[in-house]
Amino acid sequence: MLKTPLGSLLASTLLVLGAISLSGCSNSELQSGKDIDPNSQQAMRAAEQARDSLPGKAHYERACAACHEGAIERAPHRQMLVLMTPETILRALTSGLMQAQSSQLSDEQKRDVAEYLGGRSVAASSPAYTACDAGAPKLAATQAIKTRNWGLTPDNKRHLTSDITSITGSNANELKPLWAFAFNGANRARSQPLFVGDLLITGSHSGEVLALDAASGCVRWQFQAASEVRTGIIGDETQGPAGQLLYFGDVLGTVYAISATTGKEQWRTRADTHPNATITGTPSLFEDRLYVPVSALEVSNAVDPLYECCTFRGSVVAMNRQTGAIEWQTHTIAQPPTSQGKNASGTTQYGPSGAVVWNSPSIDTKRRRLYVGTGENASSPATKTSDALMAMNLSDGSIAWSWQGTARDAWNTACDSLTPDNCPEENGPDYDFGAATLIATTSDGRDLVIGGQKSGVVHAIVADTGKHLWSQRVGRGGIQGGIHFGIAADSQRIYVPVTDMPDGRTYPDPARPGVHALNIDTGEPLWYAKSPNVCNARAFCHPGVSQSISVINDMVLAGGMDGVVRGYNVASGKLVYELDTTADFVTVNGATTAGGAFGGAAGPVAQNNRVALSSGYGLYNHMPGNLLLMLER
Ligand code: HEC
């Protein structure tokens with residue numbers, strides 16, 4: 001199915017806009033905003049027009065389009081390819097999976113295709129990272145890992161206790177930058193790093209996975225994934241036949257296992273064959289399996305009236321950790337999509353679809369279940385499992401229960417565009433569960449599954465029964481509002497980051513950006529640390545907290561959309577620590593770089609006397625940056 005030039009122009013114009021309904025922006029916001037975001041409609045349309053005049057366009061249409069615009073199941077859609085850097089696309093053609101498919105192109109034509117899709121020139125060469133001294137001792141066969149999953153503990157509380165780190169709210173003011181690392185070819189840092197022995201391992205925008213010496217920031221080993229690594233890196237101390245492995249996913253929906261000591265690949269598995277499948281939430285590791293949350297960026301294809309919207313269903317995939325073999329896949333929508341008639345342009349519509357999974361599963365080791373939150377439906381009919389919290393049995397993926405936060409929410413980017421043919425009749429409100437679920441325990445010993453929604457509401461469900469216990473509104477909510485990437489908890493309270501970024505719409509509730517603390521038993525608000533507005537006229541700077549947050553002993557550490565990381569006392573909400581990462585930092589290589597907005601699920605991680613922060617989020621109207629900063633006390 002080849003698209004008209006108009007169709008593909010519109011589709012990719014809106015790509016970033018709609019790519020993440022989780023934090024997509026509405027047209028009205030972009031039109032009314034005074035910032036000229038490089039991802040704004042105008043800027044993207046201009047970029048697309050500039051792209052159309054590039055010589056790579058004709059080569060792409062001749063050699064790639066037949067497979068990459070939806071006709072072939074496994075082939076990533078063009079809209080996924082434009083998320084890649086030109087360097088990674090070129091690598092796929094010259095030395096990767098697409099060598100045969102591009103063999104008809106000359107070297108120059110391959111480069112042209114990479115530049116056409118990647119939207120900029122292929123960098124002549126990236127500045128070399130500083131390698132660790134060749135004489136450094138060989139890494140021991142097993143590297144210690146104290147926090148195995150994205151949620152730092154299997155229940156996703158994101159709470160680091162004194163057995164893991166000595167940092168507290170009382171000594172945080174002793175933290176000083178130890179080293180700064182700048183990612184090459186990146187405008188964001190959204191892969192949560194993992195402390196592995198004396199290393200800090202992280203993914204990046206350009207698809208590099210880097211093992212940095214935790215003391216100095218030099219590079220110990222490096223692995224190249226096919227595309228951007230948005231997930232965190234996870235692993236534990238288990239030694240299989242291939243030694244100790246680390247795991248992560250990439251934006252094209254592939255999961256990887258690599259050696260913790262050498263970075264050598266052990267296996268890679270595509271989690272889902274749909275052309276728009278992607279992995280943003282970090283897989284969770286438990287016993288002999290990885291549990292992989294699968295999402296898609298199909299809501300952005302829908303803006304093209306000729307796109308047969310929509311056929312992707314969210315799922316969780318269980319993979320064997322040693323081989324990558326898929327052991328089960330449970331869709332969040334049981335019924336496969338079927339034809340639902342035609343839109344105004346005569347294009348067949350499919351549904352139900354959507355209910356994608358953006359977040360890292362919390363693991364209930366007692367009940368042997370996992371919990372995830374789902375997104376909205378991408379087309380009609382709406383289902384009961386969109387915007388829902390779901391419990392799945394680890395053994396076979398069967399669904400133990402599900403509870404819906406917002407009913408009848410079907411939405412895609414067509415709804416906010418000039419070409420609304422594919423907009424479902426429900427038309428939003430686009431209130432995903434973006435943030436991961438966590439398991440908290442009440443004072444009388446009941447386990448609750450806690451979920452935070454873009455609506456600005458936190459919900460508590462009884463883990464045993466799936467019954468609703470309480471809901472509490474903490475933020476205004478909105479398409480760019482409410483709760484985005486990750487809540488946290490300790491044994492006393494739940495801590496909730498709220499963005500409530502202005503989006504040009506009006507809402508009944510006031511914006512309440514910042515961090516909120518709630519009582520676990522009742523959801524009753526305990527304190528609210530409002531984000532100050534220190535943005536002044538600074539472009540893309542907003543108060544509020546989008547990135548996932550962490551609890552480090554008695555301090556909640558939260559990276560703001562203004563680039564400032566702030567620590568709050570867990571009991572009082574009092575500000576105990578503050579650092580602006582948008583200042584200039586001299587990097588390990590002797591260059592200078594700055595951070596930007598904190599975004600994505602890459603919340604702060606700490607071990608012993610060190611904290612690592614990932615700063616920069618150059619998309620959806622946020623401040624770009626490419627900084628990984630290690631602090632030490
Ligand atoms: C005959 C169909 C076909 C053609 C023609 C084709 N591709 Fe692909 N492409 C695929 C499939 C299928 C995959 C997924 C492979 C997999 O995951 O095993 C893929 C994957 C890719 C990837 C991701 C690579 C990775 O490592 O995950 C890129 C980038 C890509 N193609 C670019 C291109 C470009 C650019 C062209 C044109 C020069 C092209 N492809 C031509 C079918 C095709």
Side-chain angles (χ1 to χ4, degrees), residues 1-19 38-72 74-126 184-188 204-208 224-228 250-254 275-276 278 297 300-301 303-304 306-307 618-619 624:
M1 178 187 61
L2 290 178
K3 293 219 175 79
T4 60
L6 175 70
S8 36
L9 180 144
L10 283 170
S12 46
T13 297
L14 281 171
L15 169 75
V16 180
L17 188 71
N39 295 316
S40 74
Q41 270 202 65
Q42 297 100 304
M44 284 191 286
R45 194 167 285 134
E48 193 61 31
Q49 274 158 4
R51 221 179 230 163
D52 276 351
S53 61
L54 292 175
K57 180 177 162 65
H59 305 311
Y60 163 81
E61 282 172 357
R62 178 164 54 90
C64 322
C67 295
H68 280 287
E69 301 202 357
I72 305 276
R74 296 179 57 85
H77 197 278
R78 179 186 186 278
Q79 294 202 22
M80 308 296 293
L81 299 181
V82 303
L83 286 179
M84 299 176 73
T85 61
E87 294 80 17
T88 48
I89 296 168
L90 186 58
R91 200 173 297 122
L93 304 185
T94 55
S95 56
L97 283 180
M98 289 293 109
Q99 291 175 71
Q101 289 80 350
S102 61
S103 56
Q104 53 176 302
L105 303 178
S106 68
D107 288 353
E108 194 188 335
Q109 290 168 335
K110 287 178 189 169
R111 169 177 291 257
D112 287 346
V113 168
E115 296 189 340
Y116 162 70
L117 290 169
R120 63 166 168 81
S121 305
V122 173
S125 65
S126 295
N184 284 335
N187 68 9
R188 50 195 185 251
S204 70
H205 185 179
S206 62
E208 294 159 340
Q224 181 65 52
S227 60
E228 179 178 6
D250 76 4
V251 86
L252 297 182
T254 299
N276 291 84
T278 193
L297 303 175
S300 59
N301 295 53
V303 75
D304 177 357
L306 301 183
Y307 183 77
L619 65 179

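For this chain, numbers begin at 1 and follow the sequence in order.
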> Which heavy-atom pair separates Ala75 from Pro275 by the least distance, and what is that distance?
Replying inline: O-CB, 3.2 Å
> side chain to side chain contact (heavy atoms under 4.5 Å, CB included) with Glu87: which residues, sequence neighbours excluded?
Replying inline: Thr85, Arg91, Arg120, Val122, Ala123
> In chain order, what residues pass the side chain to side chain contact (heavy atoms under 4.5 Å, CB included) check against Leu117, with sequence neighbours excluded?
Replying inline: Tyr60, Arg78, Leu81, Val82, Ile89, Val113
>> Going by the rule salt bridge (Lys or Arg N to Asp or Glu O under 4.0 Å), which residues pair with Glu208 if we only count those two or more places apart in sequence or in a different chain?
In response: none
>> Suppose we screen for side chain to side chain contact (heavy atoms under 4.5 Å, CB included). Which residues come up paired with Ser106, at least two apart in sequence or across chains?
In response: Glu108, Gln109
> Taking all non-hydrogen atoms of both residues, which atom of Ala66 and which atom of Ala71 are closest, and how far apart?
Replying inline: O-CB, 3.3 Å
> Roughly how far, to the nearest 0.5 Å, is the OG atom of Ser103 from the CG atom of Leu93?
Replying inline: 10.5 Å
> Atom CE of Met98 and atom SG of Cys67: how far apart are they, to the nearest 0.5 Å?
Replying inline: 8.0 Å
>> Just so I know, are the side chains of Thr278 and Leu83 near enough to count as touching, which here means a heavy-atom distance under 4.5 Å?
In response: no
> Can you name the side-chain hydrogen bond (donor to acceptor under 3.5 Å, both in side chains) partners of Asn276, sequence neighbours left out?
Replying inline: Asn301
>> Please report the interatomic distance CG(Leu252) to CE(Met84), rounded to the nearest 0.5 Å.
In response: 5.0 Å
> Roughly how far, to the nearest 0.5 Å, is the CG atom of Leu90 from the NZ atom of Lys110?
Replying inline: 8.5 Å
>> What I'd like to find out is whether the side chain of Leu105 reaches to under 4.5 Å of the side chain of Arg62, using heavy atoms alone.
In response: yes
> So which heavy atom on Thr88 is nearest to which on Ala226, and how close?
Replying inline: CB-O, 3.5 Å
>> Measuring from atom NE2 of His205 to atom CG of Leu619, what distance do you get when rounded to the nearest 0.5 angstrom?
In response: 8.0 Å
> Does His68 have any side-chain hydrogen bond (donor to acceptor under 3.5 Å, both in side chains) partners at least two apart in sequence or in another chain, and if so, which?
Replying inline: none
>> Once rounded to the nearest 0.5 Å, what's the spacing between atom CZ of Arg188 and atom CD of Glu228?
In response: 4.0 Å
>> My understanding is that only residues two or more places apart in sequence, or in another chain, count here; which of them pass side chain to side chain contact (heavy atoms under 4.5 Å, CB included) with Arg74?
In response: Arg270, Thr273
> Do the non-hydrogen side-chain atoms of Thr94 and Arg111 ever get within less than 4.5 Å of each other?
Replying inline: no
> Under the salt bridge (Lys or Arg N to Asp or Glu O under 4.0 Å) rule, what pairs show up with a residue in residues 95-105, not counting sequence neighbours?
Replying inline: none
